[in-house]
Structures are given as C-alpha cells and as structure tokens.
Amino acid sequence: MILNTFETLPVHIRERILAFNASLERILGANLVGVLLHGSVARGEYRPGQSGVDALIILTDAPFDKLEAMGETLQRARYDASLEALIVTEDEIRGAADVFPLFYDEIKERHILLSGRDPFANVEVQNTHRRLRIEQELRETQIWLRSAVTDALGAREAIGGAVSRKVRQIRSALLALLALKGIACAPDFASVLAKAGETYGVDTKPLRDAREAPDAAYAALATLLGKAIADVDSM
C-alpha cells in the first residue's frame with residue numbers, strides 16, 4: 001500500500017522537493033529509475049522544523065559523472081528542505097532484501113513515489129531475515145543503552161535525551177516484531193510504543209517524555225528490550 005501524504009506537507013517544502021525531483025530527472029535522464037520518499041513523511045508524522053525528509057534515488061547504475069552531477073542538487077535539497085537521500089541501483093535492491101528486511105518492509109508498505117517506477121513492488125522479504133534483523137537491532141540497543149548511562153556521568157538530562165532518541169529508533173523493529181506475532185498496529189511511534197508495552201506488560205508512559213523522568217524511562221526501556229529480545233530469540 002502506498003500512502004500519499006505529500007499534500008499534507010507545508011507548501012514551501014513541497015515546492016522544494018518537487019524542484020529537487022525535477023532537477024534529478026533533468027540530470028539523470030534514462031539513468032533514473034525512480035525517486036521516492038519514505039520515513040516520517042510517508043507515515044504522516046512529519047513535523048515542520050523538527051522532521052527531515054528521507055528520499056531514495058534509484059538508478060540503473062551509478063557512474064561517477066552522474067553522482068558528481070547530482071552533488072549541487074543534493075546539497076541544495078539538504079539545506080532547503082532538510083532532505084537526506086540514499087542512492088541505490090535497481091540491481092542492488094533485488095539482492096539486498098536479506099540485509100535490509102525491515103527497511104524494505106517499511107518502504108514497501110509506506111512511501112511516496114515522486115517519479116519513475118517502484119522497484120520494491122516485486123521484492124519479497126523472508127520472515128527468517130526479519131527475525132534476525134529485529135534481534136540484532138534490539139540487542140544493539142540494549143548494549144548501547146548501558147553505555148549511554150556511563151557516558152552521561154550522572155547528567156540526568158543527557159540520559160533522558162539519549163533514551164528518548166533511541167526508543168524512537170527501534171520503532172520499526174518493534175513494529176516488525178508485533179507483525180511477526182500477528183498483532184496489528186498502526187506504524188506511528190505512539191501506537192507502536194503503546195502496543196509493545198501492552199504486549200509485553202511494560203508501562204511505557206515514562207518513555208513518552210524520557211527527559212522528565214530519565215531513571216524511570218531507562219528502566220522501562222531496559223525492561224521492554226529484555227522481554228522483546230527473549231520473545232524474538234525464542235522464535
């Protein structure tokens with residue numbers, strides 16, 4: 001399913017994105033397979049002044065001269081619209097579903113196609129690869145969380161900020177884990193956090209504003225990670 005939330009963006013952001021897309025079409029010509037937006041824009045969670053715009057530029061191949069020619073366009077879009085783009089080839093997409101399963105799932109489910117065609121439509125992602133990636137992301141977060149406390153040197157604000165950022169970064173892993181369990185959930189952060197807390201019996205309220213109670217937020221995230229990891233490890 002492709003969710004087109006492009007029209008909900010501020011007018012000036014839409015105009016800059018369309019200019020970015022037109023510039024790519026002019027520079028790349030037949031070498032351009034497609035340009036799509038994903039992330040918070042496609043989920044309907046874009047917040048002016050806070051969110052960036054995530055783009056994917058898909059090429060038939062990536063010769064040096066074409067990459068160099070895109071430089072000014074990408075820099076302008078980064079400055080004008082906080083747009084960050086990844087550049088991939090169509091062949092790379094076909095061969096990397098096992099490496100980036102959650103990323104592929106999110107793009108397949110929610111994206112905005114600006115031009116060209118969607119090469120993700122016929123790519124299949126296997127549950128085995130999803131499970132491994134979910135476990136990797138959750139275990140990495142578990143290890144990172146401990147380092148965040150030691151690195152803060154007692155500064156509660158730093159701990160709260162770190163927890164707040166990291167819990168948002170594992171949204172896709174938690175959403176994928178819920179899907180593997182057959183639990184339906186909306187993709188936005190608040191829904192995923194609430195459903196994960198309900199599923200694993202963890203009070204996630206402290207995680208909604210980790211800066212207010214960093215100790216409680218740390219404990220909530222550590223508990224949620226422990227239970228989620230145990231669950232995915234048993235699959």
Evaluate the side chain to side chain contact (heavy atoms under 4.5 Å, CB included) criterion for residues I58 and L36: first the C-alpha distance (whole Å), next the side-chain angles of each, then the deciding distance (0.1 Å), finally the verdict.
-> CA-CA 8 Å; I58 304 129; L36 58 84; 4.0 Å; yes
Can N31 and T60 be counted as having a side-chain donor-acceptor contact under 3.5 angstrom?
-> yes
Closest non-hydrogen atoms of A162 and A148, given as atom of the first, atom of the second and distance, are CB-CB, 4.1 Å
Residues passing the salt bridge (charged side-chain N to carboxylate O under 4.0 Å, His left out) test with R131, sequence neighbours excluded, are E135
Any side-chain heavy-atom pair from V163 and L145 closer than 4.5 angstrom?
-> yes
Closest approach of T73 to S23 (non-hydrogen atoms, all atoms of both residues) | OG1-OG, 2.6 Å
Report the C-alpha separation of L177 and M235 in whole Å, then their side-chain angles, then the decisive distance to 0.1 Å, and conclude whether the side chain to side chain contact (heavy atoms under 4.5 Å, CB included) test is met.
-> CA-CA 10 Å; L177 178 52; M235 291 181 177; 3.5 Å; yes
A173 and L102 have their tightest heavy-atom pair at CA-CD1, 3.8 Å
Smallest separation among heavy atoms of A217 and A210, with atom names | CB-CB, 3.6 Å
R168 to F189, cation-pi by 6.0 Å centre distance and 45° axis angle = yes
After noting the C-alpha distance and the side-chain angles of F6 and L18, does the key distance pass the side chain to side chain contact (heavy atoms under 4.5 Å, CB included) rule?
-> CA-CA 10 Å; F6 189 69; L18 291 174; 4.0 Å; yes
With the threshold set at 4.0 Å, does a side-chain nitrogen-carboxylate oxygen contact exist between D233 and R139?
-> yes
Please list all pairs passing the salt bridge (Lys or Arg N to Asp or Glu O under 4.0 Å) test where one or both residues lie in residues 178-189, with sequence neighbours left out.
-> K181-D231
Examine distances only and state if a side-chain atom of R43 and a backbone atom of R110 form a donor-acceptor pair shorter than 3.5 Å.
-> no
N-O pairing of K108 and D105 below 4.0 Å | no
Of all the heavy-atom pairs spanning P187 and V192, show the shortest one and how long it is.
-> O-CG2, 3.8 Å
Can any side-chain N or O of Y104 pair as donor or acceptor with the backbone N or O of I93 at less than 3.5 Å?
-> yes
Measure from the side-chain N and O atoms of R133 to the backbone N and O of F100, and report whether any donor-acceptor pair falls under 3.5 Å.
-> no
Check whether any side-chain heavy atom of I57 lies under 4.5 Å from a side-chain heavy atom of V88, and answer yes or no.
-> no
Backbone N or O of S115 within a donor-acceptor pair of the E25 side chain at under 3.5 Å?
-> no
Of all heavy-atom pairs linking D61 and T89, the shortest is CA-CG2, 3.9 Å
Could you name each residue pair satisfying salt bridge (Lys or Arg N to Asp or Glu O under 4.0 Å) that touches residues 204-230, not counting sequence neighbours?
-> R156-D215
